Student: 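Sharing a structure, written as structure tokens. Questions coming.
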Amino acid sequence: MAAIVTLGDLRQSGYRSRPVKQEIRDNLVRKLQAGEALFPGIIGYDDTVVPQLVNAVLSRHNFILLGLRGQAKSRILRGLADLLDERIPVVPGCEIHDDPLAPLCASCRARIAMEGDALPIGWLHRDQRYVEKLATPDVTIADMVGDIDPIKAAEAGLNLSDELTMHYGLLPRANRGIFAINELPDLAGKIQVGLFNILQEGDVQIKGYPIRLKLDVMLVFTANPEDYTARGKIITPLKDRIGSEIRTHYPATRSHALAITRQEAWTDRTGALKVEIPDYVREVVEEIAFQARADRKIDKRSGVSQRLPISTLELVISNAERRALAQGEHVVVPRVTDIYAALPSITGKFELEYEGELRGAEQIARDLIRSAVGSVFTGIFDGVDTRTVIEWFDLGGSLPLSDSSSADEVITQTRGVQGLRDLAARAGLKPGATAPAVASAIDFVLEGLYAQKKISRSDERGYGAAEATPRRGQRREEVSLDEEIRMPGNKKKYYN
Ligand SMILES: [Zn+2]
């Protein structure tokens, strides 16, 4: 390839140009034969989305990814560029990357007629062959396809319908490459018509002048499924040209979700402090997104992006980092209570239904965190006896702790709570764990009990006994063995 510098060299080399969809198909076939990984970095789609994508590419289809926000749609489309040849020959300086062996534009044809085999050629890298556009209602034909420049035409003394007078839009500039349009239904109907015409007929009318452009483009799109299927949003002939509709989805399991966040979140902080993220913190952060997606107060049509856990985890680490810096600690261990510091990220990641708006985004986010903690805590502490700790609070104990309390403060203050340290150890503490790690595990147990409503927590007083509600079943009987005195205000106190 390095030796091929002129059109003559290219002709002699026997190089054959292929339509872009054939090129992508050939490279995919080669990868499949070699057993190479497809779409690296895309997690959890191996059995669902990837097989459909492969089929679409093998069929040389234009296709659309239908999914909610934060389902890696753009990432998949960008990954298609890896299926292009590393470099292809082009006529240098041509805005539509003309093939030296089969040029489209008049200027390139004229150059080749004049220079012949001596014409120098360029090699275009695949990264420059992927063009992406977010559709909005104000995108025009000029943006998308191009415009006629009357001044250019007058200077050149050309007929207006000659494409030499054309100022190319995004689609012609994506010639011999991949053109991705995100949120296709937001594109105005007449732009969709223009797009269709150029694909189908190879010509389009601009300001009344017919322009001929036999472009070679693989077209890929994304859309929200509900917008896409809504009547009248996509013109039928264009829909007809989209060979495959592929549905994306959110991670099906917590382990897929954890893997995605692990890949995407910025956790390797470059500061002087070491960051250790306990597994239960990662799991709670992930569970918030699962809870949110199932919450009927949250709009299902817009979805809950996988970016929620990603940016939440980043803020959780930052809050822990801030505490460690303020307290002079040498290791950063995030706590479950640090998740509340990520509220500014969480509230921006979902749209509310009417019922949710009544409750307010911040309160909903707090509810989500609490139920996520409850779910993860129950998973780890299922069948574990937590009564001695709860009783300590029921006997009037309280712990004025917050997310700014130092690790030593947490450990010292909770030293008298019988059984708490043992429970903390169950959260996965390693022998010789650092003080911040121990404090984080203690925090998790307290937050877990709070999530299960076995103890209470307030911003002013910290942790205390649960609000007095009649206890059920076995617990009720045990309590009644003790001498029970009802205090004014319906608070219970027990004496041994
Ligand atoms: Zn050209």
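One-based numbering, in listed order, for ligands and for the atoms of each. Every value quoted in this text rests on a predicted model; they were computed, and no experiment measured them.
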Student: Looking at Y250, I'd like to know if the NZ or CZ of R293 sits under 6.0 Å from its six-membered ring centre while staying within 45 degrees of the ring's axis.
Tutor: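 Because its charged atom sits under 6.0 Å from the ring centre and within 45° of the axis, R293 does stack over Y250.
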Student: Among the N/O/S atoms of D98, which is closest to the Zn ion (ligand 1)? Give the atom name.
Tutor: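 Of all N, O or S atoms in D98, the Zn ion (ligand 1) lies closest to OD2.
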Student: With a 4.0 Å cut-off on N to O distance, would you call D216 and K21 a salt bridge?
Tutor: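 Judged by the 4.0 Å cut-off on N to carboxylate O distance, D216 and K21 do not form a salt bridge.
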Student: Heavy-atom distance under 4.5 Å between the side chains of K300 and F350, does that happen here?
Tutor: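 A side-chain contact under 4.5 Å is absent here.
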Student: Please find out if the Zn ion (ligand 1) and some N, O or S atom of E95 are separated by less than 2.8 Å.
Tutor: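 No - counting backbone and side chain alike, E95 has no N, O or S atom under 2.8 Å.
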Student: Would one find an N, O or S atom of H97, in either backbone or side chain, under 2.8 Å from the Zn ion (ligand 1)?
Tutor: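 It does not: H97 brings no N, O or S atom closer than 2.8 Å to the Zn ion (ligand 1).
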Student: I'd like to check L101 versus L7 (side-chain heavy atoms, cut-off strictly below 4.5 Å). Are they in contact?
Tutor: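 A side-chain contact exists here, since the closest heavy-atom pair is under 4.5 Å.
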Student: Nearest 10° is fine: what angle sits at the Zn ion (ligand 1) between SG from C105 and SG from C94?
Tutor: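 The two atoms subtend 130° at the Zn ion (ligand 1).
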